[in-house]
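In what follows, chains carry the letters A, B, and so on, assigned in the order in which the sequence lines appear, proteins first and then strands, with residues in each chain numbered from 1.
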Number of protein chains: 2
Amino acid sequence: MPRGRHRGFDRDDVLARAMAVFWEHGYEGSSMAMLTTAMGINSPSLYATFGSKERLFRESVELYGQHAGSRTRRALTDQPTARAAVAAMLADNIEEYTRPGQPHGCLVVLSAPVGAPDHADVRTFVRTLRDDVRAAVRDRLDRGVADGDVPAGTDTRALAAFYVTVLNGLSLQARDGRPTAELTATADAALAAWDVLAPAAA
Amino acid sequence: MPRGRHRGFDRDDVLARAMAVFWEHGYEGSSMAMLTTAMGINSPSLYATFGSKERLFRESVELYGQHAGSRTRRALTDQPTARAAVAAMLADNIEEYTRPGQPHGCLVVLSAPVGAPDHADVRTFVRTLRDDVRAAVRDRLDRGVADGDVPAGTDTRALAAFYVTVLNGLSLQARDGRPTAELTATADAALAAWDVLAPAAA
DNA sequence: CCATTTTTGTATCGGTCGGCACAAATTAAG
DNA sequence: CTTAATTTGTGCCGACCGATACAAAAATGG
């Protein structure tokens, strides 16, 4: 057992509460007062446990990636074909983006698209994660080419960029309060392009 | 001539400079110090001329709508068919989003997607403008149906939602520094869906 | 010239920002 | 029970936030 006084709160629990605040209001829009209130702890406890607001944010984003943010990764790995993977990626994220009782849209997309020059490193951090998603989608498309369910010669780079653009756009629409059915219709429209750009191999 | 001492700066000029700051850093990311420095005036002059930071932002957004933000409106009105209108909307905005010497992406989309509860009205303001764009796109599609260049029975609501989602997504991609060619390829992919969802009338 | 009006720069307002000193409180080890 | 270690709550730090008070400066009309 640790030597001194024990921590009176659960680290994972208060981190989840912090994540919810960042998710709702973004990095700059979340003040320390809002965070400590939501987490139910005082500022010294926060700093002793997480170091700084920025480090708390980074941990929050990592936690997000393990839960709500895991949809994309799972869809890309679990589905048998590239088309099914992209379709599942869109559908699963739409479900997550519009889930009642939590902020709409993706934390990684919405929390720091712009901001003050002082917080440029935070923006770089989430942008890198977005880049990772784009790369993952492209890798999945390339695997589809290797597997034979995507035609050889398909511009997987362009196709990945397209679906990531739609996915990120869906976060904005969800945050704007657009109805789930509208997002689903958008995903269907995006998938309609698939059969033109990467028609099912013979 | 006005009675007292004359204003030592051009109102439109300093407003354009303020717009550039909001465009680059967003609403909350732009401090009064940054604004006054960029505008080349002191804070009392700013308040005497524009009233408050929020009103300065609203005027900046209106100015944006008259310049960089006018691409969408013009594309929707000038093109002869709905498909050409949507294609021009995407292409012209991509050109604008990636223009050298100015912030990438759309001010209306990027400047206040999330933020502190105190600034909810600012977010509502830009969200309303985004809603107007969606409505304008749908109206253009409906006109296409009336004109006969869009098949009767086309779900114009869904199609408008799709292209607005792509358009907003493009702002994020542009701000993330994606190359113009990639955005263009994305627009091409989005247009590939057109011929499936709204095939050219016989 | 004078009187009036408006803008200017300086200096500062109260409030909040992120972050921390400090001592009381709480725990395990000796 | 004492000692050492760690967390707790209180209170506050300097810096910056958006926004103004104030008087000097600069313009007009008389």
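- One can place NE2 of A:H119 at 8 Å from P of C:dG18, the figure rounded to the nearest angstrom.
- When all heavy atoms are compared, the tightest approach of A:L191 to A:R83 is O-NH2, 3.4 Å.
- The aromatic rings of A:F22 and A:Y27 lie parallel to each other, their planes meeting at an angle below 30°, with 60° marking the opposite boundary.
- Where B:A48 and A:M32 each meet DNA chain C at their nearest nucleotide, the meeting point lying more 5' is that of B:A48.
- In this structure, the CE atom of A:M39 is 15 Å from the C1' atom of D:dT8, given to the nearest Å.
- As a whole-Å value, the separation of A:I41 CD1 from D:dT10 C1' is 16 Å.
- At a cut-off of 3.5 angstrom, counting only N and O atoms as typed in the model, there is no donor on one side facing an acceptor on the other between the side-chain of A:R5 and the base of C:dT27.
- The side chain of A:Y47 places no N or O atom within less than 4.0 Å of a non-bridging phosphate oxygen (OP1 or OP2) of C:dC20.
- Residue whose closest nucleotide on DNA chain D sits further toward the 5' end, between B:Y27 and B:R3: B:Y27.
- If you check the side chains of A:Q173 and B:R134, you find a donor sitting under 3.5 Å from an acceptor.
- Within the 4.0 Å cut-off from OP1 or OP2 of D:dT8, not a single side-chain nitrogen or oxygen of A:N42 is found.
- Contacts of A:S30 with the nucleic acid, taken as non-hydrogen atoms under 4.0 Å apart, involve only primed sugar atoms and P, OP1 or OP2.
- Among the protein residues, B:F50 comes within range of no part of the nucleic acid, since none of its heavy atoms lies under 4.0 Å from any strand.
- When only modelled atom types and interatomic distance are considered, B:Q102 and B:E24 share no side-chain donor-acceptor pair under 3.5 Å.
- You'll find that the side chain of A:K53 is closest to C:dG18, out of D:dT20, C:dT27, C:dG18.
- Residue B:P44 places its side chain closer to D:dT20 than to any other of D:dT20, D:dG18, D:dT28.
- An OP1 or OP2 oxygen of C:dG19 is reached within less than 4.0 angstrom by no side-chain nitrogen or oxygen of A:S43.
- Look at B:S45 and you'll find a side-chain N or O under 4.0 angstrom from OP1 or OP2 of C:dT8.
- If A:G51 and A:M34 are placed on DNA chain C by their nearest nucleotide, the residue sitting closer to the 5' end is A:M34.
- Computed from coordinates, the A:F9 CZ to C:dT26 C1' distance equals 15 Å when rounded to whole Å.
- If you take NE2 of A:H6 and C1' of C:dA28, they are 7 Å apart, rounded to a whole angstrom.
- Using modelled atom types and a 3.5 Å distance limit, the side chains of A:D147 and A:T81 yield no donor-acceptor pair.
- Note: CG (A:L35) to P (C:dG18) measures 8 Å, nearest angstrom.
- Remark: P of C:dC20 and CZ of A:R55 are 10 Å apart, rounded to the nearest angstrom.
- Rounded to an integer number of Å, the gap from CG of B:L46 to C1' of D:dT20 is 13 Å.
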